[in-house]
Novice: 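Below: one structure in structure tokens.
We name chains A, B, ... by the order of the sequence lines, and we start the count at 1 in each one.
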Number of protein chains: 2
Amino acid sequence: MHLSAASKPLTSEELAKAMHTNPVVVRRTMAGLREAGLVRSEKGHGGGWSVARDLEAMTLYDVYAAIGAPTPFALGNRTESPGCLVEQVVNESLDDAFKEAETILMARLRTVSLAALAVQFKHRLTAHNEHQGECVYDV
Amino acid sequence: MHLSAASKPLTSEELAKAMHTNPVVVRRTMAGLREAGLVRSEKGHGGGWSVARDLEAMTLYDVYAAIGAPTPFALGNRTESPGCLVEQVVNESLDDAFKEAETILMARLRTVSLAALAVQFKHRLTAHNEHQGECVYDV
DNA sequence: GTTTCATGTAACTTATAATGTTACATGATC
DNA sequence: GATCATGTAACATTATAAGTTACATGAAAC
């Protein structure tokens, strides 16, 4: 979203500063997005990161998938294939519950396009400027 | 569930052995269950842990709540109250999605009583014994 | 009543994963 | 060819959960 708001490609350094992290961490994360075709990267002068397709055609789910679709849950099985019959029964029941919740979560993420978030962002920016006076938001 | 299957209170040491962990870790975890009134503990000879109420009246949610209701999600906001307007908008959208998923997950956990799991466990135990010949399952 | 057994808990160590950092290779633009 | 930017390996730091040691407290057995 920062990229789409900018008029030129943004460097990893600029992005890192905006989100209080490190250029290499940015590259690592963005690499997933690049491989998924969500963003582009260019080397050399005037290079950096830019969006590769319409924000309308990107959802939060696409971003999630692009970064590797890590398990969204902090709770999990202590053992994957336990010999303990109690543990088996509990694991299966929890797995069912998590699966249901995950399905719903993913469906929800698919409904949120980055374009929709960009609209909300613009509203927020307007309100912010009215309250505090003009403020350049280039990054 | 191990406790309800046993005919006497089980010590932290016995439980630790059954779940391949450490007696102190067992005590730490069980302390939450005790404070929530799900289990009892007794010191001294013949002491140990036992269930404090009918398995019918305990659900997976009760257990989850008893151990402190930690956030079930591995994904979260990078910053709780970010100044960045993009981050604000994304956080709120994700928070909404997580909240919905969490509500559904908790509702689901409330439908699973430990008694229901105990029934499944007994079935599994029967099948296990038919397949392998009698096997004492006291812990 | 004292010995034994069990929990309760503080303090510390270890394991693991995410994040941050340094260093340098590769490629594009000026 | 000098400069700028990504790509990536290797390493360091940090945070958190799990495991461990040590010892105090209380209950039962003898």
Side-chain angles (χ1 to χ4, degrees), chain A residues 2-3 6-52 63-64 66-80 82 84 87 139, chain B residues 2-3 6-52 63-64 66-80 82 87 94 139:
Chain A
H2 282 292
L3 299 184
S7 49
K8 59 169 183 60
L10 297 179
T11 66
S12 301
E13 196 128 6
E14 290 168 322
L15 285 171
K17 188 162 291 180
M19 39 193 77
H20 302 105
T21 180
N22 183 289
V24 178
V25 174
V26 170
R27 288 188 197 115
R28 267 203 296 247
T29 307
M30 298 296 279
L33 302 187
R34 177 169 40 73
E35 282 157 29
L38 304 184
V39 302
R40 250 189 309 266
S41 64
E42 298 287 348
K43 292 181 172 181
H45 277 272
W49 301 89
S50 50
V51 294
V63 175
Y64 166 75
I67 61 173
T71 176
F73 296 109
L75 315 171
N77 296 339
R78 183 177 178 86
T79 311
E80 212 43 63
C84 169
E87 197 173 347
V139 179
Chain B
H2 282 294
L3 299 184
S7 49
K8 57 170 183 61
L10 297 180
T11 67
S12 301
E13 197 128 6
E14 289 168 322
L15 284 171
K17 188 161 291 181
M19 38 193 79
H20 303 105
T21 180
N22 184 289
V24 177
V25 174
V26 169
R27 287 188 198 116
R28 269 206 291 250
T29 306
M30 298 295 281
L33 302 188
R34 176 170 39 74
E35 281 157 30
L38 304 184
V39 301
R40 251 188 308 267
S41 63
E42 298 287 347
K43 291 182 173 180
H45 277 272
W49 301 90
S50 49
V51 294
V63 175
Y64 165 75
I67 61 173
T71 176
F73 296 109
L75 315 171
N77 296 340
R78 183 178 178 85
T79 312
E80 212 43 62
E87 197 173 347
L94 288 176
V139 180

Novice: Taking the side chain of Arg27(B) as heavy atoms from C-beta outward, which of dG20(C), dT20(D), dT9(C) is closest to it?
Specialist: dT9(C)
Novice: Once you round it to whole Å, what is the distance between P of dC12(C) and CZ of Arg28(B)?
Specialist: 14 Å
Novice: Start at the 5' end of DNA chain C and walk down; is the nucleotide closest to Arg78(B) or to Gly47(B) reached first?
Specialist: Gly47(B)
Novice: Take atom CG of Leu10(A) and atom P of dC4(D), then tell me their distance rounded to the nearest Å.
Specialist: 18 Å
Novice: Measure from CD on Glu13(B) to C1' on dG19(D) and round the result to the nearest Å.
Specialist: 14 Å
Novice: If we only count heavy atoms from C-beta on, is the Glu87(A) to His20(B) side-chain gap below 4.5 Å?
Specialist: no
Novice: Would you mind reading off the distance between His20(A) atom NE2 and dT19(C) atom P, rounded to a whole angstrom?
Specialist: 16 Å
Novice: Please name all residues satisfying side-chain hydrogen bond (donor to acceptor under 3.5 Å, both in side chains) with Thr71(A), sequence neighbours left out, ordered by chain then number.
Specialist: none
Novice: Quick check on contacts: within residues 29-46 of chain B, what sits under 4.0 Å from DNA chain D by heavy-atom distance?
Specialist: Lys43(B), Gly44(B), His45(B)
Novice: Hey, does Leu3(B) have a side-chain heavy atom less than 4.5 Å from the side chain of Met30(B)?
Specialist: yes
Novice: Just compare dT21(C), dT6(D), dG19(D) and give me whichever is closest to any side-chain atom of Trp49(A).
Specialist: dT6(D)
Novice: For a 4.5 angstrom cut-off between non-hydrogen side-chain atoms, does Trp49(B) reach His2(B)?
Specialist: no
Novice: Below 4.0 angstrom, which residues in residues 66-75 of chain B have at least one non-hydrogen atom near DNA chain D?
Specialist: none
Novice: How about Tyr64(B) and Leu75(A): do any of their side-chain heavy atoms sit closer than 4.5 Å?
Specialist: yes
Novice: Given dA10(D), dT20(D), dT7(C), identify the nucleotide with an atom nearest to the side chain of Thr11(B).
Specialist: dT7(C)
Novice: Could you tell me how far apart Lys17(A) (NZ) and dG20(C) (P) are, to the nearest whole angstrom?
Specialist: 16 Å
Novice: Tell me: CG of Asn22(B) to P of dT14(C), nearest whole Å?
Specialist: 14 Å
Novice: Nearest whole Å is fine: how far is dA6(C) P from Leu3(B) CG?
Specialist: 15 Å
